[in-house]
Visitor: 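Got a structure for you, written out below as structure tokens; questions coming shortly.
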Amino acid sequence: MAINNSNCLLISLTFFLIAFGSNHANGEVLKVGFYHKTCPHVELIVKGIIDDVISRVPSLAAPLLRMHYHDCFVRGCDGSVLLDSPTKQAEKDSIPNLSLRGYQIIDKVKTALEKSCPGVVSCADIVALVARDVTVAVKGPSWEVETGRRDGSVSNITEALLNLIPPFANITSLKQGFLQRGLSVKDLVVLSGSHTIGISHCSSFNNRLYNFTGKGDTDPSLDPNYIKNLKKKCLPNDQNTLVEMDPGSVRTFDTSYYKLVAKRRGLFTSDSALLDDSETKDYLKKQGINPYGSTFFKDFGESMVKMGRVQVLTGNQGEIRKVCSRVN
């Protein structure tokens, strides 16, 4: 997600501005209830499938929520992360996306919707609706999902590598990556709260435990006791072992992630980086201290709506795919 090369940053920002402007020139905007007349039961159908899936496989909630973010941060929220490539050159083949799971669930939802209202609901909107419903299914907040997106036809492995912010990003790269997409510093710290659910491979943070600066050292920003616990699970060069991002609360969407980060127990460098900015630090401490007075659930819904507007295709742009993994 982070872009270190200034030329790439300029190109990406220019692309964002052009795409954003074209949406308005097209005279179309996203709205709640876009399918009210053309597919009135769309949300009931999606919710029914997701509730059933998560009741049986709750571990799919995190990757399905993350899929929306991985889609929106590359070419905008256009369903391009779902496309297959016969030569393995699509977004889903890029290293940052190899840990995504749940494509078959998106396909299941699409099949049901094609049966109910053929050729109407976009794959991009399905990803957005599923993200909301999996969050609710693990006791998280609900929000009204704006719909009306159309599907893009381009999916590029290199663009995913350049535009998806890596787990080792510092606070400057994080803020820059969100700003590029019209998202604020508050959106950054709020959406980072999604790490309250999910797991990670040791490979995403192993350097923090064993070779942080290339001298066989540990990351000084991590709590030493947390490092000891992680070392018991992740041996040097361990690529495959899985670790909970929010230990003890991995299947419940709550504010405990913020408590962990405040205690210097954020799993990724990008989590710990939230302590390096006054605004993000203040937010996470407030949410972690008083969960009953927390604004996190409300804020999360608002930030998800904002993210869902990034570089969307509307009106006569793009297409409505019949099958989410391939263009028509």
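In this chain, residues are counted from 1 in sequence order.
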Visitor: Taking the side chain as every heavy atom from C-beta outward, state whether P141 and M304 have any pair of such atoms under 4.5 Å apart.
Guide: no
Visitor: Measuring from F205:CZ to S200:OG, what's the distance to the nearest 0.5 Å?
Guide: 5.5 Å
Visitor: Do S122 side-chain atoms and R149 backbone N/O form a donor-acceptor pair below 3.5 Å?
Guide: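 Answer holds: yes.
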Visitor: Please find the pair of heavy atoms, one from S270 and one from L174, that lie closest to each other, and give the distance.
Guide: O-CD1, 3.5 Å
Visitor: With no hydrogens and no angle check, is any side-chain donor or acceptor of K139 less than 3.5 Å from a backbone partner on F253?
Guide: no
Visitor: Can you find a pair of side-chain heavy atoms, one from Y257 and one from L284, that are under 4.5 Å apart?
Guide: no
Visitor: List the steps, then state whether side chain to side chain donor-acceptor pair (under 3.5 Å) holds for N206 with S203.
Guide: CA-CA 5 Å; N206 219 312; S203 56; over 6 Å; no
Visitor: Please test V312 against V29 for side-chain contact (heavy atoms from CB on, under 4.5 Å), starting from the C-alpha separation and ending with a verdict.
Guide: CA-CA 9 Å; V312 293; V29 293; over 6 Å; no
Visitor: With the 4.5 Å side-chain cut-off for hydrophobic clustering, are V53 and Y103 part of the same group?
Guide: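 Hydrophobic grouping puts V53 with Y103.
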Visitor: Do N163 and E91 make a side-chain contact, defined as non-hydrogen atoms from C-beta onward lying under 4.5 Å apart?
Guide: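 They are not in contact (no side-chain heavy atoms under 4.5 Å apart), so the answer is no.
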Visitor: To the closest 0.5 Å, what do you measure between CG (D271) and CE (M245)?
Guide: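 Interatomic distance, D271 CG to M245 CE, rounded to 0.5 Å: 8.0 Å.
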Visitor: State plainly whether the residues K233 and E244 are in salt-bridge range, i.e. N to O under 4.0 Å.
Guide: no
Visitor: Once you round to the nearest 0.5 Å, how far does NZ of K88 lie from CD1 of I157?
Guide: 10.5 Å
Visitor: Are any non-hydrogen side-chain atoms of N316 and R150 less than 4.5 angstrom apart?
Guide: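 Not in contact.
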Visitor: Do you know which two heavy atoms are closest between N97 and A160, and how far apart they sit?
Guide: ND2-CB, 3.8 Å
Visitor: Hey, quick one: are V42 and V134 part of the same hydrophobic cluster, counting side-chain heavy atoms closer than 4.5 Å, chains of contacts allowed?
Guide: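 Yes, same cluster.
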Visitor: Could you walk me through whether D223 and K263 pass the side-chain contact (heavy atoms from CB on, under 4.5 Å) check?
Guide: CA-CA 7 Å; D223 170 45; K263 294 178 180 178; over 6 Å; no
Visitor: Where is the tightest heavy-atom contact between A131 and W143, given as atom of each residue plus distance?
Guide: O-CH2, 4.1 Å
Visitor: Give a yes or no on whether the backbone of I126 and the side-chain of K110 come within a donor-acceptor separation of less than 3.5 Å.
Guide: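 It does not hold such a pair.
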Visitor: Mind checking whether Y283 and K186 have side chains closer than 4.5 Å, heavy atoms only?
Guide: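 In short, these two side chains touch, coming nearer than 4.5 Å.
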Visitor: Give a yes or no on whether N328 atom CG has more than 12 heavy-atom contacts from other residues, nucleotides or ligands under 6.0 Å away.
Guide: yes
Visitor: With rounding to the nearest 0.5 angstrom, report the CZ to CG distance, F168 to D219.
Guide: 14.0 Å
Visitor: So which heavy atom on A112 is nearest to which on I49, and how close?
Guide: CB-CD1, 3.7 Å
Visitor: Supply the atom-to-atom distance F268 CZ to L274 CG, rounded to the nearest 0.5 angstrom.
Guide: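 Between atom CZ of F268 and atom CG of L274 there are 12.0 Å.
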Visitor: Any chance you could measure L113, atom CG, to L129, atom CG, to the nearest 0.5 Å?
Guide: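 If we round to the nearest 0.5 Å, L113:CG and L129:CG are 8.5 Å apart.
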Visitor: Is the backbone of D51 close enough, under 3.5 Å, to the side chain of D133 for a donor and an acceptor to pair up by distance?
Guide: no
Visitor: Closer than 3.5 angstrom, by distance alone: can the side chain of R132 be matched with the main-chain N or O of A128 as a donor-acceptor pair?
Guide: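 Pair absent, no side-chain N/O of R132 close to backbone of A128.
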Visitor: Looking only at atom types and distance, does a side-chain atom of R264 sit under 3.5 Å from a main-chain N or O of P220, one as donor and one as acceptor?
Guide: yes
Visitor: Taking side-chain contact (heavy atoms from CB on, under 4.5 Å) as the criterion, tell me which of H68, R309, Q311 meets it with C77.
Guide: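 So, applying the side-chain contact (heavy atoms from CB on, under 4.5 Å) to C77 and each of H68, R309, Q311, only H68 qualifies.
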Visitor: So D84 and R326, do their side chains get closer than 4.5 Å, heavy atoms only?
Guide: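 Side-chain contact under 4.5 Å: no.
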Visitor: Should K306 and E302 count as an ion pair when the cut-off is N to O under 4.0 Å?
Guide: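 No.
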Visitor: Can E43 and E144 be said to form a side-chain contact (heavy atoms from CB on, under 4.5 Å), step by step?
Guide: CA-CA 10 Å; E43 296 206 21; E144 290 191 313; over 6 Å; no
Visitor: A quick test of your reading: do over 12 heavy atoms of other residues, nucleotides or ligands sit less than 6.0 Å from CG of L235?
Guide: yes
Visitor: Do V120 and I106 share a hydrophobic cluster (ILVMFWY, side-chain heavy atoms under 4.5 Å, transitive)?
Guide: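 Yes, it is one cluster - the side chains of V120 and I106 are joined through contacts under 4.5 Å.
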Visitor: Do P96 and L161 have side chains that get closer than 4.5 Å, going by heavy atoms?
Guide: yes
Visitor: Mind listing the closest non-hydrogen atom pair of G266 and S272 along with its distance?
Guide: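 Shortest heavy-atom contact: O-OG, 3.6 Å.
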Visitor: Over all heavy atoms of both residues, which pair between S85 and D93 is shortest? Give the atoms and the distance, please.
Guide: CB-OD2, 4.0 Å
Visitor: Show your reasoning for whether side-chain contact (heavy atoms from CB on, under 4.5 Å) applies to L82 and M67.
Guide: CA-CA 9 Å; L82 306 173; M67 191 177 290; 3.7 Å; yes
Visitor: Do any N or O atoms from the side chain of N211 and from the backbone of K215 form a donor-acceptor pair under 3.5 angstrom?
Guide: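 Here the side-chain-to-backbone pair exists.
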Visitor: Determine yes or no for a side-chain-to-main-chain donor-acceptor pair under 3.5 angstrom, with R208 supplying the side chain and L267 the backbone.
Guide: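 A pair under 3.5 Å: yes.
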Visitor: Is it the case that one hydrophobic cluster holds both L100 and I54, taking links as side-chain heavy atoms less than 4.5 Å apart, direct or via other members?
Guide: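 Hydrophobic grouping puts L100 with I54.
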Visitor: Say whether, by atom type as modelled, one donor and one acceptor occur between the side chain of S303 and the main chain of F300 under 3.5 angstrom.
Guide: no
Visitor: If we ignore hydrogens and angles and just use 3.5 Å, is the side chain of S80 paired with the main-chain N or O of S155 as donor and acceptor?
Guide: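 No, because the side chain of S80 does not come within donor-acceptor range (under 3.5 Å) of the backbone of S155.
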Visitor: Does the side chain of D246 come within less than 4.5 Å of D254's, by heavy atoms?
Guide: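 When only atoms from C-beta onward are counted, D246 and D254 do touch, with a gap below 4.5 Å.
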Visitor: With hydrophobic residues grouped by side-chain heavy-atom distances under 4.5 Å, do V261 and V250 end up in a single group?
Guide: no
Visitor: Please assess D125 against T147 for the test side chain to side chain donor-acceptor pair (under 3.5 Å), listing each intermediate value before the final yes or no.
Guide: CA-CA 6 Å; D125 278 344; T147 46; 4.7 Å; no
